[in-house]
Structures are given as structure tokens and as C-alpha cells.
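Residue numbers begin at 1 in each chain, while the letters A, B, ... track the order of the sequences. What's counted below: heavy atoms across the whole structure, side chains too, no hydrogens, waters or symmetry copies. What you see is a predicted model; the values in this text were computed from it and never measured.
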Protein chains: 2
Amino acid sequence: MSRPTKQSPERGNARIRLLESARDIVRAKGFAATTVDDLCRSADVTKGAFFHHFESKDALGVAAAEFWTEKTSAFFAAAPYHDLADPLERVLGYVAFRKAIIEGDLAAFTCLVGTMAQEVYASSQGIREACGRSIFGHAETLEADIEAARRERGITGDWTAQSLARHTQAILQGGFVLAKAGNDPALAREALDHLARYIRQLFHVTEETIA
Amino acid sequence: MSRPTKQSPERGNARIRLLESARDIVRAKGFAATTVDDLCRSADVTKGAFFHHFESKDALGVAAAEFWTEKTSAFFAAAPYHDLADPLERVLGYVAFRKAIIEGDLAAFTCLVGTMAQEVYASSQGIREACGRSIFGHAETLEADIEAARRERGITGDWTAQSLARHTQAILQGGFVLAKAGNDPALAREALDHLARYIRQLFHVTEETIA
DNA sequence: TCAGAAACATACCATACGGTCGGTATGAGT
DNA sequence: ACTCATACCGACCGTATGGTATGTTTCTGA
């Protein structure tokens, strides 16, 4: 990839600007309704540049999902709840953190890969798989803390850390759908309140006994 | 609406056939990717008929959401869990029923209005509102049983029947998203297992004490 | 029986869409 | 200085798309 020039300081960023535009526009309009021209206009690049970087619109979709995975991984890896000493507190800290970042414009906090998976699961295998890797990969990052909390506290229910980790993602995705349908971010936050209550019950703790 | 004729026994059904096609195709491909021609081909009607019944593709979307509301309302109203005497058993029966009907093809059991809302929430207010009415209207049908169970059992948590009713829908929608992303209906069923466990915990019952 | 409306059908249109192609500009290596 | 690869440009293409205009058939109600 080439560096910026005196004349065009943006040169070399076209691919990333396209991915950023996709992240924003697809979350607002959906993948199918987002046109290549939309993306080019938003990213301020030409169609030639688009198809230089991406073989097809579908390939852009896959790349956007992977770009999303990268960015969100880094974002959550740097989040403060990891600093908590108690694994259960980290799990509940994750849920609280997810709730805290739900505010403002729907397209700004909802999930790109959830939106895309819902839309193209049957028509584009590549995109669906990339979305699946993103969601389930993220879920996996929660498993260790859940399992540690479980062992540490001697919890023996008929559920697994993997299953609960996935469930957190189901509730997030479902909360986003309801927030969109009701045009109200509070609906997504409400879902996370129930999730936190569920987790506390699974671990026999209350809001008073644990943050 | 006109009746069938000897020559064309299907006459008079075009509107409904279009709505049924929309229900099936939109769930598989999404709203934007579903073309008017797709619908006409599937419903075996001409474009003229389509635009005779629907002012625009958007209007079809609204009508499809309302059609979905009608059909699902009747479907769930006739479901067997209503016959149970205990309100909490009816609530858990609902969850079990929702789980039982999740099988086979993803497009066959996932939710039309959830899919559409996720996709068009920002671009088509009419469709979004129709989807919202469908989801939250369905949630409302659960409130009475939840509230009755709560009173009957003297449960006093910091949650409302309305909120829990909505949460069931969030988990369903989220389960569908995960099932699509992972291409596995079991992921949606797993989410409902967690929901049933959550509800039992809220009401201090176990699988042994209540069906 | 006949007028009017509703339920379709057919041909057509303007445009938007994903994608292509030949070209230029820039930077890295030698 | 020259070559090569990569980044990017912008005009162009074929087709798919939502929508329309103008018919024809069928039912209803007076």
C-alpha cells in the first residue's frame, strides 16, 4: 500500500475508507440496499478504486465483516472490565460495558455482522461465514471468565460456559432488533438488564453482593 | 374481492398469494434483495396485478408485516399451552412451544418482521412501524399470564411483566440471528433453554417442580 | 341487462445497479 | 534512470429494477 502524497494526502487509504463507509452505511441501510456508488461517494473514492480493492460487492461484505472483527476485538480487549480481579465481576462488567455503550443513533451502536448475517445468510455464504466467525469468535472471548467464575464458585447447573457466552450475544442481537423495531435504544439496554439478572441468579449473587 | 372462475380458479387470490410469497422470500433473501418480479413469479401473478394491489414495494412490505401479524396471532392463539391452568405453566409452555417449532429450514421458522425491521428501520418508517406493532403486540399477549403468575406466587423482583414479555421476544430474535450466522437452528433453541431457565429462576421453581 | 368497479394482463420506460476497461499517477527496488 | 507493481481514475456497458399506461376480463348491484 502506498503512502500519502503532497498532492493527495489521502492516497493509500481508499480501502480502509471504503470499509469504514461500509461499516456505517450498511448498519443504517442494510447490505443489499447499500450500493457500490453509495460507498464510493461516502469514502470519496471512484468506482475504479472500489473494484481495484474488492473483487465484487460480496467481497467487500466479507472484508467489512473481517474489518469489524478486528476493530471490535481491539475495542473490547482494551475495555476496563478486564482489570477486575474476580472473573464473575469481569463477566458482569462486560455486560455493564455493553449496556453503557448503547446510546444515541441506532446505526452507531448496533452490530454490523448481526445485521448482515440476518440479511444475507442464505444468499452469500462467504459473508455469512465471516459474520459467524465474528459473533462466535467474540463469544469465545467470554468463555474463560465464565468458566473461571463457575469453577471458583462451584456452580453446577446444566449449562456450559460456551452456551452462556453465546447467549450473551443472542441477547445483544435480540436487543438490537427490538431497539430498531421500536426505534428506542432503551429496549436494547433493557435486554441487558435481564441478562445481568440472569447471570447473577446463575451464580447465586445479588446486586448488593457483587458489582 | 372477486371469487374464483371456471377458467381461472385462482382469481381473487393474487393479493394473498403475493403476501405469502413475500413472507417466504423476504425471510430467505431479505426485503431489499427481494424484487417485485421475484414476488410476481413466485405468486404466479403479473406486475400489473402487483401494482393493482399495492401502491409500491414499500406498501407491500407494510401489508406483509400486517399479514404476518394476523397469521401469527391466530397461530399462537390456537396453541395448546393456553389450556394449562397455571399461568406460570402457560408462560413456560409458550417458551417450550416456541422452541418446539424451531426446526428445519431457517427461512421457515425465523421471524419476518424481525428480519424486515433489522433491515429497513432507517429507510422505511411505515415498514418499521408495522414490524414494531407486530413484535410488541405479540409481546403484549404474554403480559397477562406473566403478571398473573407473579401475583399468584408473590414474586417481587425489580422487573415488570411488560419488560419480561419483551425480553422473550429479544431472546427469540437474537436466537434467530445466531442461528442464521451459525447456520444451525440449534443455536436458537439453545437461547430458549436459557430463557426458560431464567424464568424458572425468577419464579423460584425448578424443572422438577413445574413442567 | 347493463353500467361501473374491481381484478387482473401486457408492453413498455427511465433509471439505477454491479461490474468492466483502458488509462494515469505514484512509489519501491535496482 | 528505468522498470514494475500497486493505487487510483472515470467513462462506459448490459441488465435488472421499480413503476406506469393501457388494455381485457370478471364480478356486483341496480
Side-chain angles (χ1 to χ4, degrees), chain A residues 1-22 25-26 28-64 67 116 119-120 123-127, chain B residues 1-22 25-26 28-64 67 116 119-120 123-127:
Chain A
M1 192 180 299
S2 57
R3 319 271 166 60
T5 328
K6 301 120 200 172
Q7 284 88 355
S8 1
E10 303 290 354
R11 191 183 172 87
N13 300 352
R15 182 186 150 89
I16 286 175
R17 289 208 310 281
L18 282 166
L19 292 171
E20 287 169 346
S21 294
I25 302 180
V26 170
K29 313 207 313 183
F31 181 74
T34 299
T35 70
V36 172
D37 285 315
D38 281 341
L39 297 171
C40 292
R41 211 175 308 128
S42 162
D44 199 35
V45 304
T46 60
K47 231 169 184 181
F50 183 100
F51 285 100
H52 169 72
H53 288 290
F54 307 103
E55 200 180 298
S56 63
K57 191 192 169 189
D58 243 60
L60 175 276
V62 173
F67 182 72
M116 285 206 296
E119 204 181 333
V120 305
S123 19
S124 173
Q125 199 189 333
I127 296 179
Chain B
M1 195 179 295
S2 57
R3 317 271 168 62
T5 328
K6 302 118 201 175
Q7 285 88 357
S8 0
E10 303 291 352
R11 190 184 173 88
N13 299 351
R15 183 188 149 89
I16 287 175
R17 290 208 310 280
L18 282 166
L19 291 172
E20 288 169 345
S21 294
I25 302 181
V26 171
K29 312 206 313 184
F31 181 75
T34 299
T35 71
V36 172
D37 285 315
D38 280 342
L39 296 170
C40 292
R41 212 173 307 128
S42 163
D44 199 35
V45 303
T46 59
K47 229 169 185 182
F50 183 99
F51 285 100
H52 170 72
H53 288 290
F54 306 104
E55 201 179 296
S56 62
K57 191 193 170 189
D58 242 60
L60 175 275
V62 173
F67 182 72
M116 285 206 296
E119 204 181 332
V120 305
S123 19
S124 173
Q125 199 189 334
I127 296 179

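For the pair B/His52 and C/dA7, the criterion of a side-chain N or O lying under 4.0 Å from OP1 or OP2 is met.
Considering A/Lys47, A/Lys57, A/Lys29 in turn, A/Lys29 is the only one that fulfils the salt bridge (charged side-chain N to carboxylate O under 4.0 Å, His left out) rule with A/Asp38.
Separating the CZ atom of B/Phe50 from the P atom of D/dT20 is a distance of 12 Å, rounded to the nearest angstrom. Rounding to whole angstrom units, CD of residue A/Glu55 and P of C/dG19 are separated by 9 Å. As a whole-Å value, the separation of B/Asp44 CG from C/dA7 C1' is 15 Å. Taking atom CZ of B/Arg15 as the reference point, atom C1' of D/dT26 lies 19 Å away to the nearest angstrom. At whole-Å resolution of the value, CG in B/Asn13 and C1' in D/dC27 are 14 Å apart. Counting to the nearest Å, the C1' atom of C/dG18 and the CG atom of A/Asp58 are 11 Å from each other. To the nearest angstrom, C1' of C/dC8 lies 7 Å from NE2 of B/His53. In this structure, the CG atom of A/Leu60 is 15 Å from the C1' atom of C/dC17, given to the nearest Å.
Taking only side-chain atoms of B/Phe51, from C-beta outward, the nucleotide of D/dG10, D/dT20, C/dT20 with the closest atom is D/dT20. Of the candidate nucleotides C/dG19, D/dG19, C/dC8, C/dG19 has the atom nearest to the side chain of A/Ser56.
Contacts between residues 28-39 of chain B and DNA chain D, defined by a heavy-atom separation under 4.0 Å, are made by B/Thr34, B/Thr35, B/Val36.
Within 6.0 Å of CG on A/Asp44 lie no more than 12 heavy atoms contributed by other residues, nucleotides or ligands.
One distance of note links CZ of A/Phe67 with CG of A/Leu60; it measures 11.0 Å at 0.5 Å rounding. Rounding to the nearest 0.5 Å places CZ of A/Phe51 at 11.0 Å from OG1 of A/Thr46. Rounding to the nearest 0.5 Å gives a distance of 8.0 Å between CD1 of B/Ile25 and OG1 of B/Thr35.
Side-chain atoms of A/Lys57 and base atoms of C/dG19 include no donor and acceptor less than 3.5 Å apart.
In this structure a side-chain-to-backbone donor-acceptor pair under 3.5 Å is present from A/Glu119 to A/Ala32.
Using a 4.5 Å cut-off on side-chain heavy atoms (C-beta onward), A/Phe54 and A/Leu19 make contact.
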